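See below for the structure under consideration.
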Amino acid sequence: MTAERNPKPLTVDIRVFMLITVSAMAIAFGVGVAMGPTAAELAMASAGAAAGHKLPEVHSVDVSTAEDAAALKEDSELLHEPAGQHLLVDIKGIEAAFLDSEERLAHAMVETVKGAGLTMLSYHCHKLIPMGVSCVGVLLESHISFHTWPTEGVITLDLFTCGPNPLIPVVPSIKALFGIPRENDEIMAQWSHELRGFRSKKIPNKDNHNYALLDHNSDLSQMIWSPMDCVYKEQVYSGLTEYQRVDVWDVVSLEDQPSQDDVLKAKLEPTDSRWTTNELVQPTRYLFLDGVLQSDNTTHKEYHEALVHPAMFAHASPKNVAIVGGAEGATLREVLKHTTVESVTMVEIDQQLMDLAKEYLPQMSDCSNLDGRADNCFDDELLNLQVENAKDWFLADEAETNKNLDVVIIDAIEPEMSSAISKDLYEEPQLWKTILDSLTEEGILAIQIGYAPTISDPKPDVGYNAPREILFQTLENLPSVQAMFVYEDSHVGFLVPKSFLIVCKSNSCRERFYAAPEDLNMEIAKRIVSSSDNDNKALQYYDGVTQIYYQVAPKAWETIYCRREPTPFECDYRHLDFGKGIYEFKMDAPAEEQVFEIMTDEVEGTRVYSKVDIPKGSYIMAEHAANSLQLSSKAVENLSASTDVEFAKFVQEHGHDSASKGSARRLVEIGASYFLRIADSTAEANVGRWIPPHPQGRRPKYSPVYERHRLSFDVFMVATKDISKGDELVKYKYMWSEE
């Protein structure tokens, strides 16, 4: 019974299994041979495949002659530097058939290389399935490659070279050769140019370190060549004058939105979707000199108003003005807006640049909206144009009679540029002395001094800012200079804030530079020419409130100044010492909480006594001092002439003139501090001003610290010695006028 339930399994001899398997394979092979193609058919199929998937022909350079070999050797020497240029180009809206044709694409690639003055060694293209082509070409100078998407109408191409030939001029030919438009579509191209590798800073021209020098840090590279996100980027002009390289570009960025002029021109309705697109945006035109941005057609008003008018209004009545540089004509335009001006001498070395500016940036020299001026500023009868080196022009008359200029405006390449032009201007102490000597006793010098510093910059006499520091110290050392003010503006069209310097031969300019906005606006209304165009007033940007912004230099100027060696004296007083006590008189506090006691009798009058011990250096009634009344000299004169005799007398008795010479400001103590008794000697006094007199006997001509904290230095008082409980507080009679 058990054997029936578990039968013994069958076994197969392995030799039999192998014989059956081999026999089956042999039969299958024989059937396949019998039913498959003949030898002739296989040959035909192989030929067809070769014809359909043939690799493209390889193009090679035949160096067969001594001349060719010499040329290649010369090229190889130029290519030896481990650096190159990389051009990336993306194009859309292209015909699909073109993008799917190896032959047409290869032809366009070869022609691009020829047009660029490059040498094709070989290339290879590969047809993709179902559509598209990828190609790469090996150049003597490096390579070119691209990939296509026929259905989307897109090609992306890159060209890398190690040679000296610039690649920017190749962009138009790439657009023309590859930009075959498909039906009912427009070609759209975007591109980027980058410098690659490690290049040496060779000087192509001994007279100008920046002459056509490729520099990836230049404004031209960072703003125009490098960005890929530009829907429109066209070179309007590029060339060399006798003195510098000039580049003019039109650009529309991807994120640009319509300006007010664009909106009015298109008559946009509120519901129009184009408010937030770049469809209606007119290109911004940029001017670059030696790769440095000079101006553009959208912010030229802001920049040139910021350069010219603070200096012009710092003078009471500028009649004779000189401009150094300013080839675009915009600085001239701003000067001609002042009705006080009787003559303008413009000294510009580059006639070619002036001609280019008239052709490509005509709005810069447009005076047509200024009543009484020529339509083109260069044609105005007040202009005396001198086409020569400013250094030669000023020094030529060094021994002659003073030119009696009221204002000189330097609108040239900034001092940090190491060009021949900037070296002539900014590194000649004798030139600056001569320029200052050409000014009247109330004369003003205005200079654009490049990009503003940051608080991270090192001390000013090293690095990028060193040429500017040389200029500053040169001016500070001139006996005729009395005051210097720096200011900056971040809304004038540059990547970072632009900075300016005003130099005064008289401290009287300080009153006008620090004028109240209402006073300056009144002066603007009196002096600026009227405009025949109500929509295009003479001043579009500058006014009294803008000047307030200029009156306080950003803290970076103070920070960098205080990194001078040795550290300037006043830098220890940039802020109140938080380790010192502040002793206040609290008007509403009960007597037991007061630290001061005010006592009055008929004999001694009002006196102030301390109810606590006050250490030397402590601040006395700082809150009251901070609320001192500020009056202009004109206001004080008006008070003196008014019927309010008592108030005028109070202003005279309890006020003091600002220690900032020429500011014409009087500070009047209106808190409890005016009760302090006044002593005739410092020995008797125990209260003095916060910042002591300067060790040199006068304040520096240039000091962002004194200018930024001028009001604090005019009002805050400290204990000049330890004051014991019960001592009377006494201040020195002349403490505000010790300098």
Side-chain angles (χ1 to χ4, degrees), residues 306 310-311 314 414-416 446-477 481-492 494 496-504 507 509-510 513-514 546-580 619 622 626 658-663 665 689-696 698-716 718 739:
E414 43 264 47
E416 59 262 30
I447 315 171
Q448 70 96 351
I449 50 175
Y451 293 139
T454 72
I455 59 175
S456 301
D457 290 350
K459 62 178 184 174
D461 59 345
V462 297
Y464 182 78
N465 294 320
R468 181 162 58 201
E469 178 68 3
I470 293 173
L471 169 64
F472 276 35
Q473 296 202 15
T474 296
L475 293 169
E476 292 172 65
N477 290 329
V481 172
Q482 297 301 310
M484 296 167 59
F485 310 106
V486 290
Y487 63 98
E488 63 183 56
D489 200 312
S490 58
H491 302 92
V492 293
F494 293 84
V496 296
K498 202 74 169 178
S499 56
F500 308 88
L501 174 68
I502 289 179
V503 183
C504 305
N507 279 309
C509 73
R510 184 174 270 110
F513 184 78
Y514 289 118
T546 305
Q547 182 63 27
I548 290 180
Y549 170 54
Y550 297 156
Q551 289 172 357
V552 181
K555 193 169 184 177
W557 289 99
E558 174 183 278
T559 303
I560 303 307
Y561 171 80
C562 288
R563 288 179 180 149
R564 283 183 171 184
E565 296 177 353
T567 302
F569 160 79
E570 64 273 21
C571 291
D572 289 336
Y573 298 88
R574 285 178 282 172
H575 50 73
L576 300 182
D577 186 345
F578 302 137
K580 302 293 185 181
Y619 299 98
S658 170
S660 295
K661 292 183 179 180
S663 61
R665 290 276 168 175
R689 68 185 190 187
W690 170 35
I691 183 169
H694 196 281
Q696 294 181 355
R698 62 155 292 167
R699 293 184 174 184
K701 300 173 183 180
Y702 168 68
S703 173
V705 179
Y706 274 115
E707 300 302 336
R708 282 172 50 83
H709 303 282
R710 62 190 184 281
L711 296 180
S712 297
F713 293 163
D714 279 339
V715 297
F716 285 132
V718 297
E739 292 175 335

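In this text the structure is predicted, and so the values were computed from the model without any measurement.
Residues Glu488 and Trp557 bring a donor and an acceptor atom of their side chains to less than 3.5 Å of each other.
The ring pair (Phe, Tyr, Trp, His ring centres under 6.0 Å) test applied to Phe713 returns Trp690, Tyr706, His709, not counting sequence neighbours. Remark: Gln547 pairs with Tyr542 by the side chain to side chain donor-acceptor pair (under 3.5 Å) rule, at least two apart or across chains. With sequence neighbours excluded, the residues satisfying side-chain contact (heavy atoms from CB on, under 4.5 Å) with Ile548 are Pro517, Gln551. By the side-chain contact (heavy atoms from CB on, under 4.5 Å) test, Ala622 pairs with Ile582, Glu584, Tyr619, Phe716, sequence neighbours left out. Listed by chain and residue number, Asp489, Val492, Phe500, Tyr550 satisfy the side-chain contact (heavy atoms from CB on, under 4.5 Å) test with Ala306 (two or more places apart in sequence, or in another chain). Remark: Val715 pairs with Ala625, Ser628, Leu667 by the side-chain contact (heavy atoms from CB on, under 4.5 Å) rule, at least two apart or across chains. Under the rule for a side chain to side chain donor-acceptor pair (under 3.5 Å), the partners of Glu570 that lie at least two apart in sequence or sit in another chain are Tyr561, Ser703. Residues satisfying the salt bridge (Lys or Arg N to Asp or Glu O under 4.0 Å) criterion with Arg563, sequence neighbours excluded, are absent altogether. Qualifying side chain to side chain donor-acceptor pair (under 3.5 Å) partners for Thr559, counting only residues two or more places apart in sequence or in other chains: none. Listed by chain and residue number, Glu558 satisfy the side chain to side chain donor-acceptor pair (under 3.5 Å) test with Arg708 (two or more places apart in sequence, or in another chain). Every residue two or more places apart in sequence or in another chain was checked for a salt bridge (Lys or Arg N to Asp or Glu O under 4.0 Å) with Arg665, and none qualifies.
Distance CZ/Phe485 to CD/Glu707: 5.0 Å, rounded to 0.5 Å. Atom OG in Ser663 sits 8.0 Å away from atom CZ in Arg710 (nearest 0.5 Å). With rounding to the nearest 0.5 angstrom, the NZ atom of Lys498 is 5.0 Å from the CD atom of Gln448. Atom CG in Leu471 sits 12.0 Å away from atom CG in Asn465 (nearest 0.5 Å). Note that the OH atom of Tyr702 and the CG atom of Leu501 stand 8.0 Å from one another [nearest 0.5 Å]. Atoms CZ and CD1, from Phe513 and Ile502 in turn, are 5.0 Å apart once rounded to the nearest 0.5 Å.
When the shell of 6.0 Å around CG of Leu576 is examined, it contains more than 12 heavy atoms from other residues, nucleotides or ligands.
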Set out, in order, the CA-CA distance, both residues' side-chain angles and the distance that settles side chain to side chain contact (heavy atoms under 4.5 Å, CB included) for Val705 and Cys562, then state yes or no. CA-CA 8 Å; Val705 179; Cys562 288; 3.6 Å; yes
Side chain to side chain contact (heavy atoms under 4.5 Å, CB included), that's the test. Do Leu475 and Ile447 meet it? Break it down for me. CA-CA 12 Å; Leu475 293 169; Ile447 315 171; 4.1 Å; yes
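Remark: side-chain polar atoms of Arg468 are not paired, donor with acceptor, to backbone N or O of Pro460 under 3.5 angstrom. Formation of a donor-acceptor pair under 3.5 Å by the Lys701 side chain with backbone atoms of Val481 is found in this model.
Inter-residue side-chain proximity for Ser660 and Arg699 is flagged as met; some heavy-atom pair is nearer than 4.5 Å. Looking only at side-chain heavy atoms (C-beta outward), Gln482 and Cys509 stay at 4.5 Å or farther from each other.
Using cut-offs of 30° and 60° for the angle between ring planes, the Phe569 and Tyr573 rings count as tilted.
For residues 452-466, every residue pair satisfying the salt bridge (charged side-chain N to carboxylate O under 4.0 Å, His left out) rule, not counting sequence neighbours, is listed here: Lys459-Glu565.
Counting all heavy atoms, side chain and backbone alike, Pro453 lies closest to Ile560 at CB-CG1, 4.1 Å.
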